[in-house]
Every structure is written in structure tokens, then in C-alpha cells.
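For the single chain, residues carry numbers from 1 onward in sequence order. No experiment lies behind these values; they were computed from the predicted model shown.
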Amino acid sequence: MEPHAAVAEWHDGRLTVHDSSQGAYAVKQALTRLFSLQPDAVRVVSEHVGGGFGNKGTARPHVVLAALGAAAVDRPVRVVLTRPQLYALTGYRTPIVQRVRLGAHRDGRLVALDHLASSQTSKVLEFTEQTALISRSMYASGALRTRHRVVALDVPTPRWMRAPGESPGSFALESAIDELAIACGVDPVELRIANEPESEPASGLPFSSRNLVACLREGARRFGWSGRDPRPALRRDGRWWRGTGVAAATYPARSNPSSASVTAEDDGRFTVRVTAADIGTGARTALTQVAADALQVPMSEVTVLIADSDFGPASVAGGSSGTASWSWAVVAACRDLLAQGAAAGTTAQANTGKAVAARPDLARHAYGAHFVEVAVDPHTGEVRVPRMLGAFAVGRIVNPLTARSQLIGGMTMGLSIALLEESTMDTRFGDFVNHDLANYHVAANADIQSIEAVFVDDPDDQLNPVGVKGLGEIGIVGATAALANAVWHATGVRHRDLPIRPDRVLNATYAV
């Protein structure tokens with residue numbers, strides 16, 4: 001929720017920037033290129049970040065303006081963007097129109113899948129959301145085609161928003177899969193299981209691990225899916241129409257090259273340095289746990305310093321790759337230190353670039369399954385969500401508390417996207433008119449009732465030394481489709497446009 005902000009200062013030809021960023025080293029690289037400086041002439045610090053959500057993954061204009069201003073006045077300069085400025089200067093989720101075509105046997109087994117995604121970009125910089133990529137890995141199909149079309153318009157440049165591509169892509173794919181289940185008379189959970197692939201459909205690569213079926217089974221058991229009447233618009237609770245829906249989810253399990261160092265201090269403690277970013281994910285805590293485990297000491301004896309570009313190159317906190325990337329480097333440095341004897345004053349360094357590149361070619365993904373119950377008021381169009389449950393296979397869970405927080409946060413964002421979030425553009429000027437939190441609606445406490453995330457055992461020794469899969473974004477993927485599928489079950493009306501506003505519910509319900 002924190003806006004983009006930076007403080008820049010020049011001293012003896014060296015630029016130091018304190019930025020709200022998801023990747024201090026990435027911002028350093030951008031500033032080094034932009035100002036034609038030597039790498040050691042730029043330092044970026046992003047130790048405390050009040051939220052990123054993909055939009056702070058690279059250098060933004062406020063950082064450049066702060067650096068230019070500081071050079072001009074020879075004193076520190078702070079630049080803070082207002083929320084209305086963010087849409088034009090830092091980006092937004094591009095509007096996407098999708099078409100999914102499915103061909104299947106009577107029993108629901110797919111024989112053809114075609115996914116076309118069309119989105120807008122600006123005439124200044126081309127940006128493409130990887131929307132249809134989710135269809136390349138999700139279900140077995142004899143024939144598979146995914147396509148992207150991009151239209152350049154006189155609008156601000158769109159950029160990343162949490163779970164780019166997979167989030168909007170899953171809405172189209174999982175809605176279509178739900179429609180296929182209805183047409184074939186097959187339970188939506190069982191149809192997804194019936195289309196489980198043996199290898200990644202598009203690439204043919206074997207999966208490092210794939211526990212989607214376990215997510216569907218465990219989620220269905222905990223949610224009470226068994227015995228669900230598939231017929232729509234039959235359940236009443238006073239003025240409310242009730243329904244339930246399901247959707248599957250996947251997100252790439254990435255590990256990017258990173259570096260880290262660990263020092264054995266004179267007092268017997270250890271200090272770890274890594275250019276990680278904690279944007280509310282609990283990265284500091286997780287890395288402290290990982291380092292203490294590798295060093296075989298209590299957590300109280302480990303200090304983890306993060307988000308300083310002087311610590312060396314490291315992955316950004318994006319693409320659900322942060323902890324998986326940083327922990328690899330931290331573990332490698334800690335093991336090297338122990339191998340050296342860990343004498344006081346000794347420092348060990350590690351860079352995982354070669355190790356990451358040497359991994360075998362495998363399809364690495366995290367998986368999940370969302371189950372949602374909705375209550376719809378046909379007289380007002382209001383949609384409430386009494387229950388959300390997600391079951392996730394996300395590798396080794398380093399910290400169950402922070403992991404659960406990330407997943408229910410993602411599920412909440414999915415609910416918000418499905419029911420509330422919408423940007424309205426002024427077509428005369430190519431800018432957004434609801435560019436503040438008074439007019440751009442997001443889910444609040446009153447919108448969230450029972451919401452739970454559970455873990456499915458997902459051992460995977462083909463990822464990284466810790467066995468971590470990123471889980472910051474998979475909580476969003478599939479959530480919108482599960483909710484929309486539940487609204488269909490409640491009302492008998494299929495919603496293909498988001499958000500599912502009250503006026504759309506009213507117009508669609510009374511048009512039936």
C-alpha cells in the first residue's frame with residue numbers, strides 16, 4: 001500500500017539511493033546504465049518496503065528524478081509519488097480479452113485446447129502480459145495452441161501486477177473448464193483430475209513434482225465438496241442464493257542466480273548479508289531460519305542483513321522467486337563457512353549462477369486448488385463470500401505462519417479482483433479517472449469472512465537445496481475463477497467479465 005518513494009544523495013561522485021523497491025540490485029543496475037557510472041559508484045538500499053505487488057520490481061521514474069534533483073542542488077532529495085500519479089508513471093494491469101476453445105470426449109477428457117489473449121500496451125514501451133502461458137502446462141490435451149495479441153494505444157504503459165499472466169489467464173481457462181464439466185455432466189473436481197498430464201503438455205518436460213491432484217482431493221475433503229448437487233440456482237437461504245465453485249491453480253517455481261555472504265563474528269554469532277527484499281513476505285524471518293539450520297545454531301545467533309546492493313547481485317522479490325533464490329545462496333555460503341572451520345573473522349561467499357544454470361531441464365511449478373462458497377442477493381446484485389479454502393502444494397514450508405499469511409493474502413486479492421477492483425479510463429485523455437482509494441475499491445475486513453489456506457505435502461529435491469517453491473502469487477491464481485464458478489452455481493448465470501459488480505449480476509440474472 002506504500003507509494004513509490006526514494007531519497008537520493010551524491011557524495012564524492014557516488015550515488016546512494018534509499019528506495020521502496022523489490023530489488024535493490026536491479027535498481028542499482030538501471031541507475032548505473034542510465035548515468036553511465038561504474039558499478040561501485042551506485043548504492044541502493046531498500047531495507048523496509050511497505051508492499052510491492054510486482055509494481056516495484058524495477059527502477060521507476062521517482063528514483064531517476066530524485067538522483068537528478070540531488071545532483072542539481074548538491075543535497076539529498078526525496079521524491080514521493082502520489083497515488084493518482086502511479087497509473088501513468090509506474091503501471092497497471094492491462095485490460096485483457098480472452099477466448100478459450102475446448103474440444104473433449106463425452107467423458108470430459110480434452111482433445112484440443114486453444115487459448116487466445118489480447119491485451120493493450122502503450123506506444124512508448126511494449127509490455128505483454130503472459131496470459132495464456134497457464135494453458136501450456138495445466139491440462140493434458142492432444143492438440144494445444146496458445147496465442148497472444150498486443151495492441152499499442154495512446155495510453156500509459158501497463159506493467160506487472162501480482163501473479164502476472166497466470167492470474168487473468170486462470171480466470172478464462174478455469175471458467176472454461178467449469179463449463180466443460182457442466183456440458184459433460186462430470187463433477188468439476190473429477191474432470192480436472194481426469195485431465196492430469198504425465199509431462200508438461202507444451203514442452204514435454206517431466207515435472208520436478210506435481211501434486212495438483214492431492215490439492216484437489218484434500219481441498220474437496222476439507223471444504224465438504226462430496227455430495228454437491230451440480231444443478232444451478234436451486235439453493236436458497238432467505239433472500240440469498242447460494243453456490244459453490246472450484247478452480248485449480250499453478251505458478252512457476254523459479255530460482256534465479258543470487259549471491260550471499262556469511263561472517264563468523266568474534267562473539268560467536270554469525271552475520272548473513274544478501275540483497276534480498278522483504279515486501280511483507282517474511283523474507284527476513286525465513287532467511288534467518290534457513291541460515292540457522294545450515295549453520296546448525298539457534299536463530300538467536302544469526303543476524304540477517306538484507307536489501308543493500310553493496311551485498312552483491314541477487315534476485316528481485318518477484319515472480320515468486322525470492323526465498324527460493326536467496327536461500328540457495330545463503331545455504332551455500334553457510335556450508336562453505338562450516339567447511340572452512342567457521343573461525344572468528346572468517347567470511348564465506350557464494351554465487352549460485354553456475355549451479356542454477358546447471359540444473360536439469362524440468363517443468364517446475366507450484367500447485368493449488370480453490371474452493372469458494374458465495375451468497376448472492378438477486379434483488380441488489382450483492383455477492384458475499386462466506387467461505388474460501390485453498391489447498392496448496394508449494395514445496396517445503398520454511399515458516400508456516402508467514403506462508404499461510406501470504407496465501408490468504410493472495411486469496412483476498414483474488415476475491416478483490418473478482419468482485420471489486422476495476423480501473424476506468426477517460427477515453428478523451430487516455431488516463432484513469434478512479435486513480436485513488438476513494439474510487440478504486442479493494443476488499444476490506446468486512447468483505448472477508450472464513451478464509452483458510454492449507455498445505456499439501458510436496459517434497460521436491462529438484463528445485464534448490466532448501467526445496468522451496470515460491471508461494472507469494474499462487475494464492476491469487478484461480479481464485480477469481482472459483483468465485484465466478486460459484487456465482488454460476490448460485491444463479492445459473494455465467495459471468496465472463498470482471499469484476500462481478502452488482503449491476504452486472506442484476507442485468508444478467510433478470511435477463512435469464
Side-chain angles (χ1 to χ4, degrees), residues 22-26 29 52-58 128-134 136-138 159-167 169-170 200 202-203 205-212 249-260 274-279 281-283 286-287 290 313-332 350-368 392-398 403 406-407 410 458-478:
Q22 293 174 230
Y25 200 83
Q29 289 178 306
F53 312 110
N55 200 242
K56 296 179 180 178
T58 57
T128 305
E129 185 112 38
Q130 61 268 27
T131 310
L133 262 61
I134 190 170
R136 298 181 185 179
S137 67
M138 202 59 175
R159 302 295 284 178
W160 294 287
M161 182 176 172
R162 204 175 189 198
E166 283 77 7
S167 175
S170 67
E200 188 175 54
S203 68
L205 293 173
F207 293 104
S208 63
S209 67
R210 181 179 168 103
N211 284 305
L212 175 57
T250 186
Y251 200 80
R254 301 183 176 98
S255 293
N256 298 324
S258 296
S259 62
V274 57
T275 313
D278 194 330
I279 57 174
T281 57
L287 292 174
V290 167
S315 174
V316 300
S320 294
S321 65
T323 302
S325 304
W326 307 319
S327 63
W328 191 336
V330 168
V331 167
N351 188 306
T352 64
K354 291 183 179 179
V356 171
R359 291 190 304 172
D361 287 336
L362 296 171
R364 298 176 175 89
H365 299 270
Y367 293 96
F392 300 96
V394 286
R396 180 186 179 191
I397 305 301
V398 175
Q406 282 294 287
L407 291 170
D458 187 33
D460 192 334
D461 59 2
Q462 300 291 334
L463 295 169
N464 46 64
V466 184
V468 171
K469 291 182 179 179
L471 49 75
E473 293 168 282
I474 193 171
I476 307 173
V477 180

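By the side-chain contact (heavy atoms from CB on, under 4.5 Å) test, Ser259 pairs with Pro313, Asn351, sequence neighbours left out. In terms of the side-chain contact (heavy atoms from CB on, under 4.5 Å) criterion, residue partners of Ala249 (sequence neighbours excluded) are, by chain and number, His370, Ile474, Val477. Under the rule for a side-chain contact (heavy atoms from CB on, under 4.5 Å), the partners of Val316 that lie at least two apart in sequence or sit in another chain are Ala26. Annotation: side-chain contact (heavy atoms from CB on, under 4.5 Å) contacts of Asp458 (sequence neighbours excluded): Ser209, Asn211, Ala393, Lys469. For Arg159, the side chain to side chain donor-acceptor pair (under 3.5 Å) criterion is met by no residue, not counting sequence neighbours.
The backbone N or O of Ile476 lies less than 3.5 Å from no partner atom in the side chain of Arg162, so there is not a single donor-acceptor pair. In this structure, Ser315 contributes its side chain and Ser258 its backbone to no donor-acceptor pair below 3.5 Å.
Here CE of Met138 is found 7.5 Å from OH of Tyr367. Values are rounded to the nearest 0.5 Å. Between the CG atom in Leu287 and the CG atom in Asp278 there is a gap of 8.5 Å [rounded to 0.5 Å]. Gln22 contributes atom CD, which lies 8.0 Å from atom CG of Asn55 (distance to the nearest 0.5 angstrom). Here the straight-line distance linking atom CD1 of Ile397 with atom CZ of Phe392 works out to 10.5 Å at 0.5 Å rounding. Rounding to the nearest 0.5 Å places OG of Ser137 at 7.0 Å from CZ of Arg210. One finds the CH2 atom of Trp328 at 6.5 Å from the OG1 atom of Thr352 (value rounded to the nearest 0.5 Å).
Here the closest non-hydrogen pair linking Asn256 and Ser321 is ND2-OG, 3.1 Å. Minimum interatomic distance between Ala277 and Ala283 (heavy atoms only, all atoms of both residues): O-CB, 3.9 Å. Residues Ala317 and Trp326 come closest through the heavy atom pair CB-CH2, 3.7 Å. Pairing each heavy atom of Ile134 with each of Ser170, the nearest pair is CD1-CB, 3.6 Å. In terms of heavy-atom proximity, Ser208 sits nearest to Leu362 at CB-CD1, 4.1 Å. The shortest non-hydrogen separation linking Thr323 to Ser327 is O-OG, 2.6 Å.
The salt bridge (charged side-chain N to carboxylate O under 4.0 Å, His left out) pairs that include a residue from residues 350-366 number zero, where partners must be two or more places apart or lie in different chains.
Counting heavy atoms from C-beta outward, Thr250 and Leu212 have side chains that stay 4.5 Å or more apart. Under the 4.5 Å side-chain criterion, counting only non-hydrogen atoms from C-beta, Val331 is in contact with Val466. Side-chain contact between Glu473 and Pro164 is present, with at least one heavy-atom pair separated by less than 4.5 Å. Between Glu200 and Phe207, some side-chain heavy-atom pair lies under the 4.5 Å cut-off.
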